[in-house]
Chemist: 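I'd like to ask some things about the structure below.
Everything quoted here is computed from the prediction, not taken from an experiment. Quick note: residue numbers are just sequence positions, from 1.
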Amino acid sequence: TPFRNRFNNYKSSCRKFEKGEMVGQADFYRHFELAGHHGFMEDVGVQVIDRLLGESRVREGFSQFKLDSFAPKGLNVRLVDS
């Protein structure tokens with residue numbers, strides 16, 4: 001999924017979460033309501049680190065592993081399917 005589409009989906013899901021509608025990643029958005037946060041749209045920062053071509057899901061999983069972005073240190077909760 002191109003970054004622009006993916007991030008637009010995150011913003012749309014955030015708005016649904018704020019309205020109280022259930023979304024599949026509610027725990028992800030709930031994190032930004034914890035103490036020390038100001039909400040998803042205020043706190044999220046994005047740095048594109050790679051342009052994925054070909055086997056992008058495998059590369060994404062590799063990046064998550066290398067960056068150690070899995071819970072409890074990060075917000076990723078499972079490995080990406082290859």
Chemist: Examine distances only and state if a side-chain atom of Ser12 and a backbone atom of Asn8 form a donor-acceptor pair shorter than 3.5 Å.
Modeler: no
Chemist: Any chance you could measure Asp43, atom CG, to Glu33, atom CD, to the nearest 0.5 Å?
Modeler: 11.0 Å
Chemist: Check His38, His37, Met41 against Phe32 for a side chain to side chain contact (heavy atoms under 4.5 Å, CB included) and give me the one that passes.
Modeler: His37
Chemist: The criterion is side chain to side chain donor-acceptor pair (under 3.5 Å); which residues satisfy it with Lys66, sequence neighbours excluded?
Modeler: none
Chemist: Contact between Ser69 and Lys73 at the side-chain level, heavy atoms closer than 4.5 Å - yes or no?
Modeler: no
Chemist: Hey, what do you get for OG (Ser13) to CD (Glu21), rounding to the nearest 0.5 Å?
Modeler: 10.0 Å
Chemist: Are Phe17 and Phe40 near enough that their ring centres are under 6.0 Å apart?
Modeler: no
Chemist: Do Val44 and Tyr10 pass the side chain to side chain contact (heavy atoms under 4.5 Å, CB included) test, and can you show the C-alpha distance, the side-chain angles, and the key distance before you say yes or no?
Modeler: CA-CA 11 Å; Val44 75; Tyr10 275 115; over 6 Å; no
